[in-house]
Amino acid sequence: MVTKSLHKRESDLANSNRQLEILSNGIFQDGELPTFKNKISESNQFPLKAKKLEILQINVGYMCNQVCEHCHVDAGPDRKEIMTRDTMQQCLAVIKKTEAHTLDLTGGAPEMNPDFRWFVEEAAKAGIKDFIVRSNLTIIRANKKYYDLPEFFKKHNIHVVSSMPHWTRGKTDKQRGDGVFDKSIKALQELNAVGYGMPESNLRLDLVYNPSGAFLPGDQASMEKDFKKALKADFDIEFHNLFAITNLPISRFLDYLIASENYEDYMYSLVEAYNPTAVAKVMCTNTLSISWDGCLFDCDFNQMLELPVNSKAKHISEYNEALLEGRNIVISQHCYGCTAGAGSSCQGVVA
Amino acid sequence: MQKTYYDPADLKKFGKISEWNQELGDAFFEYYGKVFEDGALTAREKSLIALAVSHTEQCPYCIDAYTKDGLQRGITKEEMMEALHVGAAIKSGATLVHGVQMMNKVNKLDM
């Protein structure tokens with residue numbers, strides 16, 4: 001069980017260049033993996049182009065009350081990077097002038113940013129259709145000051161997307177830390193109590209499933225059925241959809257893969273499961289990811305690998321739709337993670 | 001260099017058996033794929049059956065494949081072990097039930 005971020009441990013994997021070096025050169029015994037660039041070129045999908053912006057994903061800070069084994073953000077209580085109100089103001093200015101229909105707030109635990117509630121209230125006035133907060137659930141039970149979050153979410157009709165790796169305590173706590181399962185169950189019950197996740201409710205509550213190990217997610221629809229059956233039977237919990245997300249081989253999950261000697265097999269699994277039809281639908285084509293300090297990336301994973309957008313506009317203060325639309329998406333070997341099987345995005349499968 | 005009869009890397013080459021007889025290979029994989037689709041039994045239940053049979057057949061490739069398949073389907077280690085015990089019970093039961101044949105033979109031959 002990890003207790004500190006790679007940054008705090010001063011691991012060489014805290015360095016994005018080191019991660020990219022491993023991803024590009026590999027540690028393979030019997031030859032090299034095909035490059036993602038060559039793979040998508042086979043189906044004439046290189047370069048991958050950005051389409052019209054639909055989703056603004058804003059990472060409001062890497063601080064988190066949990067230290068999950070697989071976290072691609074390398075988030076944790078020891079991470080202090082946090083978005084300032086000034087940068088939030090710059091984001092609000094962009095929200096007002098784009099036609100993006102979804103605002104997706106992520107972290108770390110986004111609720112731990114001291115300006116989180118102010119930002120939600122200001123962004124709600126800007127006419128966003130789907131306002132997502134990616135909550136780790138336990139934050140709702142972490143401290144008295146967060147106990148009213150379910151009511152706050154309800155007041156602003158926030159779409160809550162919550163991490164839940166399994167319906168059993170053992171698998172959940174192993175990935176996310178001791179006690180996380182019980183707190184998550186309590187938080188889900190509290191969200192249900194205010195109307196979230198109920199079958200006829202407009203208060204959307206979706207769960208995110210990440211495999212708790214070196215394997216790919218199974219069929220999303222079957223997993224959703226199993227999650228619903230078990231959570232209802234054991235805890236009387238309801239939710240809407242389950243998003244099955246593939247763990248990308250970066251940051252702490254990469255560290256785990258290498259330490260457990262699963263890296264090579266995992267990369268082969270991703271390549272074997274490569275699905276060319278998923279390429280056109282990957283989330284980076286309609287999403288812009290904004291880091292805590294306002295820099296622009298094609299996706300959250302590129303943000304963590306410090307691979308900025310291929311555009312003259314590299315910061316939210318320089319946002320320019322004409323410059324960003326149609327840009328070439330920056331790719332590397334980790335992109336296999338989003339194109340394996342039925343594909344993977346922050347909204348679950350894509351193909 | 002270590003030499004063993006089983007090489008885990010060979011599992012990835014399973015599809016190559018079609019190369020020396022495409023027609024039968026294709027027919028097998030088509031049948032195999034159909035068998036594991038959702039039917040009267042769910043694909044999840046079939047995965048657990050396959051895991052149990054993998055052990056009774058003592059096929060290391062199948063054990064690796066269906067352990068991984070089970071994890072991907074969210075099957076817990078407790079469910080996996082329980083399925084394995086079903087296989088083990090049948091295997092030991094099958095051994096013991098032949099004891100009736102032994103007893104019959106003894107009863108026939110012995111004075």
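What you see below is based on every heavy atom in this structure, not just the backbone, and it leaves out hydrogens, waters and symmetry mates.
Counted within 6.0 Å of NZ on A:Lys183, heavy atoms from surrounding residues, nucleotides or ligands total 12 or fewer; the atom is thus considered open. By the neighbour-count criterion of 12 heavy atoms within 6.0 Å, atom CD of B:Glu37 is densely surrounded, having more than that number from other residues, nucleotides or ligands. Taking a 6.0 Å sphere around CD of B:Glu45, one finds it holds more than 12 heavy atoms contributed by other residues, nucleotides or ligands. Around the NZ atom of A:Lys232, the shell of radius 6.0 Å holds more than 12 heavy atoms that belong to other residues, nucleotides or ligands. Within a 6.0 Å sphere centred on CD of B:Glu78, heavy atoms belonging to other residues, nucleotides or ligands number more than 12. Within 6.0 Å of OH in B:Tyr6 there are 12 or fewer heavy atoms belonging to other residues, nucleotides or ligands.
Interface remark: A:Phe227 contributes no atoms to any contact with chain B (heavy atom separation under 4.5 Å). Of the atoms belonging to B:Leu11, not a single heavy atom falls under 4.5 Å from chain A. With a 4.5 angstrom heavy-atom cutoff, A:Pro217 touches chain B only via backbone atoms.
Here the side chains of A:Asp226 and B:Arg73 are not in contact, with every heavy-atom distance at 4.5 Å or above. No side-chain heavy atom of A:Lys171 sits under 4.5 Å from any side-chain heavy atom of B:Lys77.
Note that CD of B:Gln72 and OG of A:Ser222 are 12.5 Å apart. Values are rounded to the nearest 0.5 Å. Here B:Asp64 contributes atom CG and A:Asp265 contributes atom CG; the two are 9.0 Å apart, rounded to the nearest 0.5 Å.
Smallest separation of non-hydrogen atoms from A:Phe215 and B:Lys68: CB-CG, 4.3 Å.
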